[in-house]
Number of protein chains: 2
Amino acid sequence: MRENKKGKILNIAARHFSRYGYANASLEEIAAESGVTKPAIYYHFKDKSDLYEAVLTDRLSQLAWDVETVSDTADTPQVRLRRYIETFGSFLETHPCFAAILSHEFADNGTQLPESAADALANILQTLTAILNDGVEQGVFAIKNPIVIQMMIVSTLIVHQTTDKLRKRVASRIEKSFHLPPVPNIQGIARLLSHHILLAVQKEPT
Amino acid sequence: MRENKKGKILNIAARHFSRYGYANASLEEIAAESGVTKPAIYYHFKDKSDLYEAVLTDRLSQLAWDVETVSDTADTPQVRLRRYIETFGSFLETHPCFAAILSHEFADNGTQLPESAADALANILQTLTAILNDGVEQGVFAIKNPIVIQMMIVSTLIVHQTTDKLRKRVASRIEKSFHLPPVPNIQGIARLLSHHILLAVQKEPT
DNA sequence: TTTTCCTTACTTAACGATCAGTAAGTATAG
DNA sequence: CTATACTTACTGATCGTTAAGTAAGGAAAA
């Protein structure tokens, strides 16, 4: 046990899976960057999908724990929803690879997503569903279909985090007559997002 | 002079690029499914990226035209915003491959997106930016950063459209105690989304 | 009318590169 | 001596791409 080569492989693999997606991440490159050879990966992991699952469950179980512990207080649905969104944002900030990996899974319709990761994802979304349902039952939220709100929150944060270069590239083509304020970091986005989401789900004073 | 072979290749290619992304779509499979051989593709298109660009610009210029013509009326920003969102939804309905292709580009941070597609994308977003800016100037919208609203609209529609199987897979793991209403089609989602977005950007009567 | 020829629209066959995965050998620590 | 933690060397498959050949059809020449 000279060094923690396995941990190194896991970290490098996370970066490669996030940049290239599951199919296009090369074990050869991951090995080289980790300072080992390709079969060394096969010593530590059964195959490519096993390495991928290790990378994913690591982060997903952490996120599931984060959003669950932050929201199971006795606060109002509004406060819990705001906390959920901002916790999600903080997590993306501390785990930069995670958003891009999930973004690739969105694009692939979850083709490569292992069962364990689907379980963790279900937990994460169930926590959010519970908050939204509570709000509706307490008469403070007006939501016809929680799926839409879930998508508005999760997809906005994930896609924003993964499309930094693309957004800059596209924004540079937009006429300069439009004043475009600087883009805040992901936590700033999460704060702005939670503000708009709370307005979006509020019960209208008819 | 069977001109429909080229069109056939374009259609099949769109389906393959949407399912597998640019890098993982196989010219061999596209050719086989189109009823030709691989070099036949190289007769009609310079290379793989040229075929990709043809598929993309086809759809993007159409979408740019759709959202522009629908919104340049003299209506209120609220009506124009609602129309923009629902036009976007209709477009995704009639062009099922488009959302997934864009979703792959989001995940890849636009690595494979050709210049012409970036131009069209800029036009599409500029139309939305103009609507939001008008709303702010007319005092009916309260928006700190239009990027957030753009992401809420575009990412929600795109990701929702591409994650049908994944959402079903995850939803089946959520406790049955939660009543989950049936998921409407993309146009229904667009209608619900526009309702929430209009609430989210409204100027608060404080 | 018949023959020649050129362009169009492909096909067959192969290239080098890269991929995930494996068999078999080896150095090191306890 | 033995288990751990690798390495070297390789396999078969698939990838984008290209060189070279060919069938079909219309236009020009005989």
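All chains are named by letter (A, B, ...) in the order of the sequence lines, taking the proteins before the strands, and each is independently numbered beginning at 1.
At the phosphate of D:dC15, OP1 or OP2 sits under 4.0 Å from a side-chain N or O atom of B:S26. Look at B:H44 and you'll find a side-chain N or O under 4.0 angstrom from OP1 or OP2 of C:dC10. Taking side-chain N and O atoms only, A:Y43 has no distance below 4.0 Å to OP1 or OP2 of D:dC6.
For A:L27, the listed nucleotide lying nearest its side chain is C:dG21; candidates were D:dA9, C:dC10, C:dG21. Side-chain proximity of A:D47 to D:dA9, C:dG21, D:dT4: nearest is C:dG21. Distance from the side chain of A:E29 is smallest for C:dC19 among the nucleotides D:dT17, C:dT12, C:dC19. Picking from D:dC6, C:dC19, C:dC10 the nucleotide with the shortest atom distance to the side chain of A:A40 gives D:dC6. Picking from D:dT17, C:dC19, D:dC6 the nucleotide with the shortest atom distance to the side chain of A:V36 gives D:dC6.
B:D58 and B:Q62 share no donor-acceptor pair across their side chains, judged by distance under 3.5 Å alone. Counted by atom type alone, B:S49 and B:Q112 present zero donor-acceptor pairs between their side chains at under 3.5 Å. Looking at B:T87 and B:R83, their side chains never bring a donor and an acceptor atom within 3.5 Å of each other.
Side-chain N/O atoms of A:K38 and base N/O atoms of C:dG21 include a donor-acceptor pair closer than 3.5 Å.
Listed by residue number, the members of residues 105-118 of chain B with any heavy atom below 4.0 angstrom from DNA chain D form an empty set.
Among the atoms of the strands shown, only primed sugar atoms or phosphate atoms (P, OP1, OP2) are found under 4.0 Å from some heavy atom of A:A25. Among the protein residues, A:A31 comes within range of no part of the nucleic acid, since none of its heavy atoms lies under 4.0 Å from any strand.
Counting heavy atoms from C-beta outward, B:T76 and B:V140 have side chains that stay 4.5 Å or more apart.
For the pair B:K6 and B:F45, the cation-pi test (distance below 6.0 Å, angle within 45°) is passed. Relative to the six-membered ring of A:F17, A:K48 misses at least one condition, a distance below 6.0 Å or an angle of at most 45° to the axis.
Between A:K8 atom NZ and D:dC6 atom C1' there is a gap of 17 Å when expressed in whole angstrom units. Rounded to an integer number of Å, the gap from A:E28 CD to D:dT14 P is 18 Å.
Using bins of under 30°, 30° to 60° and over 60° for the plane-to-plane angle, the ring pair B:Y84/B:F88 lands in the tilted bin.
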